[in-house]
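The structure appears right after this line, and notes come after that.
We name chains A, B, ... by the order of the sequence lines, and we start the count at 1 in each one. These figures come from a predicted structure and were not determined experimentally.
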2 protein chains.
Amino acid sequence: MDAKRKDIHNSDIPLLCRACEARHQGVCGALSTDQLVSLNKQSTRKRVNSGVELIGETQRTDSYANIISGVVKLTKMMADGRQQIVGLQFAPDFLGRPFRSDSGITADAATEVNICSFPKAMIDRMIKDTPELEHKLLEQTLKELDEARDWMLTLGRKTASEKVASFLSLIATHINPEWESGPLSFELPLTRSDIADFLGLTIETVSRQMTKLRKEGVIVIRNNRMVEVPDLARLVERASA
Amino acid sequence: MDAKRKDIHNSDIPLLCRACEARHQGVCGALSTDQLVSLNKQSTRKRVNSGVELIGETQRTDSYANIISGVVKLTKMMADGRQQIVGLQFAPDFLGRPFRSDSGITADAATEVNICSFPKAMIDRMIKDTPELEHKLLEQTLKELDEARDWMLTLGRKTASEKVASFLSLIATHINPEWESGPLSFELPLTRSDIADFLGLTIETVSRQMTKLRKEGVIVIRNNRMVEVPDLARLVERASA
DNA sequence: CGCCGTGTTGATAATAATCAAACGCAGTGG
DNA sequence: CCACTGCGTTTGATTATTATCAACACGGCG
């Protein structure tokens, strides 16, 4: 048998990458073992607390990152302070904007977040050599575009009640990717204030609609943050999408 | 001098492509002269009337296209009929979704539209050979993502008045790309009903806010569709973005 | 214990939706 | 030529939804 083995055997793949989701579903899946090794030398794992800004005004960003765990919120703000969350990112999403430095968006850790961060320059160079990497980025960007447009429908045309149900459905289906059927429980990655900014509502309206859903038995609220969904189909129905 | 001349001299570039915006700002800019020639053999120019569906339920789409002129609206619809326009596309935007057939969006001609249409399979093959083409697609997709997120802020956090001003600003800056300063007039590519679906409002509210802007002198309304903007800065101010 | 951050609940106000009517205009046909 | 119709739009009156303002509840923590 050959001394140099194939990918599947993991022989040469950097330790940190072996268990990493980004290698399977994320952008790193486009890279050869050699590229993984050299990228790995320059990459650093970081654990950031909830609330920390990852990309934005203060954080001049000369690096990209993969999300290993946790939830990142993308926010747009108006001059007078009104703000709108324009996207949530989960593992193993790629974090950062290729070819452009600023698009008026800040990215903050919504929960405790673990990222694998690499120098911008290195990725930009790898993109040139590896079309497959650019392909992965295009795929993620298309996915984000679909999600953004889905949410535009939610923001523009749904009632407060439908909005909250849509949000809960979104979280329910993203927080626990390998779920089959039956009851489902999770911790909300966002505060009521964040949820309001995501839905284009006020915190009071969010709160009222949550209690409404609770009283109707669609959800069970444990500790403000812990939510249980006895029947996901019933929740999705309320989101009417 | 060489018999085979460079791109700039246009010698070998297909007639139809020579004056086409898509070759400069659009995706065709990624292609070699040879590729343009072979693509041109398979491509067809089409003129479609306002209201015609370009991509959607009825129109199973095995082709992509470049917009030569006119405005295309991208719409999402809910089961009960509520709908939201999630994007507008202008020349020389690329029309069609790579790698995916359906994303629940329909594309309709909002005005009379001219497109240059090519077989899906041909582009998909060219993408494999020409990383630069995929790069162009990524750039357009990133642009659309930015626009979608900008609009999410509009939908979620702006007042009806700000929304209408935002819409007018958007059209004013896209309909006439080479504009310097001074008054500006244009024909709205959308009906009031479309505008309402774009802004997440009703037609009545759109109409009321338009008259309000008219009475305040921010815009002049000629023939329902014809709008004049004496001072763009003043309009943009109303959009507070 | 008091305080702060977060979330809920209630009363009232503002905003936009809904319902209803009429307008302007283009096309049609007597 | 002039009603007549149909469509997109405007305007008005009223209602519904959500925001705002305000008070309170709960849990953690100095």
Please state whether the phosphate of [N], meaning OP1 or OP2, lies under 4.0 angstrom from any side-chain nitrogen or oxygen of [X].
X      : N      : value
B/T202 : C/dT18 : no
B/R214 : D/dT11 : yes
B/R208 : C/dA16 : no
A/S193 : C/dG7  : no

*Please state whether the rings of B/F198 and B/W151 are parallel, tilted or perpendicular, taking 30° and 60° as the class boundaries.*
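Answer is parallel, since the angle falls under 30°.
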Value in whole Å for how far the [atom2] atom of [N] lies from [atom1] of [X]:
X      : N      : atom1 : atom2 : result
B/N224 : C/dC23 : CG    : C1'   : 10 Å
A/K158 : C/dA16 : NZ    : P     : 21 Å
A/R157 : C/dA16 : CZ    : C1'   : 12 Å
A/E204 : D/dC24 : CD    : C1'   : 13 Å
A/K212 : C/dG7  : NZ    : C1'   : 19 Å
A/I203 : D/dA23 : CD1   : C1'   : 13 Å
A/L199 : D/dA19 : CG    : C1'   : 15 Å
A/N223 : D/dA25 : CG    : P     : 19 Å

Of the options [options], whose atoms approach the side-chain atoms of [X] most closely?
X      : options               : value
B/T159 : C/dT8, D/dT9, C/dA16  : C/dA16
B/R192 : C/dT8, D/dT10, C/dA16 : D/dT10
B/T205 : D/dT9, C/dA16, D/dT11 : C/dA16
B/Q209 : C/dA16, C/dT8, D/dT9  : C/dA16

*Is B/T191 touching bases, backbone alone, or none of the nucleic acid, heavy atoms closer than 4.0 Å?*
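It contacts sugar-phosphate atoms only.
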*Would you kindly say whether B/S166 and B/S169 are connected by a side-chain donor-acceptor distance under 3.5 Å?*
no
*Exercise: do B/S240 and B/E162 side chains pair donor with acceptor under 3.5 Å*: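 On atom types as modelled, these side chains qualify, holding a pair under 3.5 Å.
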*Closest heavy-atom contact between B/A172 and B/F186?*
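The pair with the smallest heavy-atom distance is CB-CE2, 3.6 Å.
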*For B/V71 and B/T111, work out which heavy atoms get closest and say how close.*
N-OG1, 3.0 Å
